[in-house]
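Comments concern the structure below.
Chain naming here is simple, since letters A, B, ... match the order of the sequence lines and numbering starts at 1 in each. This one's a predicted model, so the numbers in the text were calculated from it and none came from an experiment.
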Protein chains: 2
Amino acid sequence: MAKTAGRPPRSQSDIVEFRSKIAKHAVAIYRAEGFGAVSMRRLAKEVGCAPMTIYAHFEGKQDILRYLWADVLADMSDEIQEILKLIVAPDERLQTAAQTFVSYWIDHPDHFRLVFMSNDVTRSDVSTFVMDEETLAHFRVFSDLVQAVLQDHSNLKASTDTLISGMIGIAFCLNTIRDYPWADATMMTDRLLTSIIGPTKSIP
Amino acid sequence: MAKTAGRPPRSQSDIVEFRSKIAKHAVAIYRAEGFGAVSMRRLAKEVGCAPMTIYAHFEGKQDILRYLWADVLADMSDEIQEILKLIVAPDERLQTAAQTFVSYWIDHPDHFRLVFMSNDVTRSDVSTFVMDEETLAHFRVFSDLVQAVLQDHSNLKASTDTLISGMIGIAFCLNTIRDYPWADATMMTDRLLTSIIGPTKSIP
DNA sequence: CATTATTATAGCACGCGTATCAATTAAAAG
DNA sequence: CTTTTAATTGATACGCGTGCTATAATAATG
């Protein structure tokens with residue numbers, strides 16, 4: 001079983017290196033000039049390769065944007081963790097985390113758009129998201145927080161998922177449907193929590 | 001105060017006529033070939049005018065898509081009204097309407113994308129939606145249904161808005177974040193309703 | 001008729017995501 | 001060295017949303 005002649009395929013490390021180089025520049029552009037500035041042609045110029053070379057390493061733009069999501073999601077997660085340090089009561093922890101989550105996306109509409117709405121219109125697939133382990137972890141936080149509050153663990157998953165999709169829904173609506181006079185986000189989040197942990201008194 | 005010379009501005013009826021002509025063709029293209037096929041150039045060809053002429057009558061593509069929303073929203077509303085005919089109990093009416101609403105968007109991902117996710121990426125504004133009276137009415141249905149169930153009307157708005165954004169959130173998440181193993185949509189909707197009308201037994 | 005105000009058009013431009021394809025370069029084996 | 005294979009490049013292309021400009025068509029007034 002001798003090796004075949006000719007140039008060998010890209011080594012695994014080369015692939016990783018190139019991908020992370022692209023990712024690094026993508027994040028830099030996004031941070032400096034926002035979502036609209038991140039384009040394949042621009043990225044290629046920045047990195048110093050032909051636009052089509054990128055397609056040898058990524059499936060498409062969507063595939064690159066995932067690296068930006070990671071960046072944003074980590075930022076959001078940090079914000080939540082930071083606040084949770086100060087709180088011990090399980091129900092207060094859940095409430096605070098939820099409020100912080102919702103606030104984050106309302107305070108950073110560009111981040112929200114990037115993570116949740118950067119679907120490519122030309123593709124027929126609506127699906128935006130591909131969950132890797134790291135991304136999943138950011139959402140599992142809520143599973144843990146809900147678990148700490150719920151006495152009945154039988155429908156932990158349903159509760160958690162309702163909470164997550166509900167929070168995203170609130171952020172989504174306030175971001176995209178601006179004409180509608182939505183109720184206060186904090187109130188809505190509070191009300192949403194009711195379906196999980198029962199009536200609460202809001203945190204001052 | 002004599003009229004000035006020269007060709008008079010478009011009459012109001014001319015404007016309306018042209019707009020609805022564009023809208024008609026847009027709906028036709030969308031119905032026949034889906035979201036991706038609706039483009040300004042295509043639309044112009046279909047209607048028989050220069051692409052840029054459309055911009056004299058519409059602010060941009062977004063402005064045209066509103067007519068498609070109206071079409072889809074009416075369809076969804078009809079589906080809800082149809083089912084509600086058979087139900088009298090207020091709480092059951094609310095539950096059924098909510099489940100139908102969520103199901104509609106999950107069963108029609110293309111419609112969901114059109115209505116809720118057709119933002120133009122090049123524009124920096126995330127906002128997609130402009131609510132006209134007609135569109136608002138489709139959402140007010142839920143306000144009425146909630147009102148019929150709630151004894152305490154003091155936080156009717158918060159409850160309704162939480163429900164609406166929650167339902168949209170469920171539809172949104174199931175449509176766009178496909179990798180995540182979401183709980184059953186019916187269960188989540190049920191749980192969401194809990195925050196509004198308290199614990200319910202699900203409808204068989 | 002001519003004048004004039006308005007709309008409509010064609011043509012070009014920019015940048016976008018993405019695809020194709022021939023030509024070139026790089027790295028290994030013989 | 002040459003040969004072989006893979007990676008990269010450049011050019012070109014399509015269609016997209018949208019803007020600009022110069023020109024033509026239109027419909028009223030005087």
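Inspection of the S159(B) and R191(A) side chains reveals an N or O donor paired with an N or O acceptor under 3.5 Å.
Taking a 4.0 Å limit (strictly below) on heavy-atom distances, residues 12-24 of chain A does not reach DNA chain D anywhere. Of the residues in residues 38-56 of chain B, those lying under 4.0 Å from DNA chain D by heavy-atom distance are V38(B), S39(B), M40(B), R41(B), M52(B), Y55(B).
Qualifying side-chain hydrogen bond (donor to acceptor under 3.5 Å, both in side chains) partners for H111(A), counting only residues two or more places apart in sequence or in other chains: Y30(A). For H25(B), there are no ring pair (Phe, Tyr, Trp, His ring centres under 6.0 Å) partners, not counting sequence neighbours. Checked against side-chain hydrogen bond (donor to acceptor under 3.5 Å, both in side chains), T162(B) has no partners two or more places apart in sequence or in another chain. Applying the salt bridge (Lys or Arg N to Asp or Glu O under 4.0 Å) test to R10(A) and every residue at least two apart in sequence or in another chain returns nothing. Annotation: salt bridge (Lys or Arg N to Asp or Glu O under 4.0 Å) contacts of D14(B) (sequence neighbours excluded): none.
Looking at S195(A), its side chain does come within 3.5 Å of a backbone N or O of L192(A) through a donor-acceptor pair.
Within the structure, no pair that satisfies the salt bridge (charged side-chain N to carboxylate O under 4.0 Å, His left out) test touches residues 49-58 of chain A, not counting sequence neighbours. For residues 37-46 of chain A, every residue pair satisfying the side-chain hydrogen bond (donor to acceptor under 3.5 Å, both in side chains) rule, not counting sequence neighbours, is listed here: E33(A)-R42(A), R42(A)-E46(A).
Using a 4.0 Å cut-off between charged nitrogen and carboxylate oxygen, R19(A) and D63(A) count as a salt-bridge pair. The existence of a salt bridge linking D161(A) and K157(A) is confirmed by a sub-4.0 Å separation between a basic side-chain nitrogen and an acidic carboxylate oxygen. Between R66(A) and E59(A), no side-chain nitrogen of the basic residue sits less than 4.0 Å from a carboxylate oxygen of the acidic one, so the salt-bridge criterion is not met.
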Donor-acceptor pairs are to be reported for all side-chain atoms of residues 75-86 of chain A against protein atoms at under 3.5 Å, with residues two or more places apart or in another chain.
residue	atom	partner	partner atom	Å
D75(A)	OD2	Y104(A)	OH	2.5
S77(A)	OG	H138(A)	ND1	2.8

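Between the CG atom of L65(A) and the P atom of dC16(C) there is a distance of 14 Å, rounded to whole Å. The NE2-C1' distance, from H57(A) to dT8(D), rounds to 9 Å in whole Å. Between R10(B) atom CZ and dA5(C) atom P the separation is 18 Å, expressed in whole Å. Here dG15(D) presents its P atom at 14 Å from CD of E33(B), a figure rounded to the nearest Å.
Checking dT8(D), dT7(C), dT18(C) against the side-chain heavy atoms of K61(A) singles out dT18(C) as nearest.
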Between the protein and nucleotides 1-5 of chain D, which nitrogen or oxygen pairs are less than 3.5 angstrom apart?
residue	atom	partner	partner atom	Å
dT4(D)	O2	G6(A)	N	3.4
dT5(D)	O2	R7(A)	N	2.7

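Each end of the helix from dC1(C)-dG30(D) to dG30(C)-dC1(D) gets its own axis from five base pairs, and the two axes differ in direction by 30°, given to 10 degrees.
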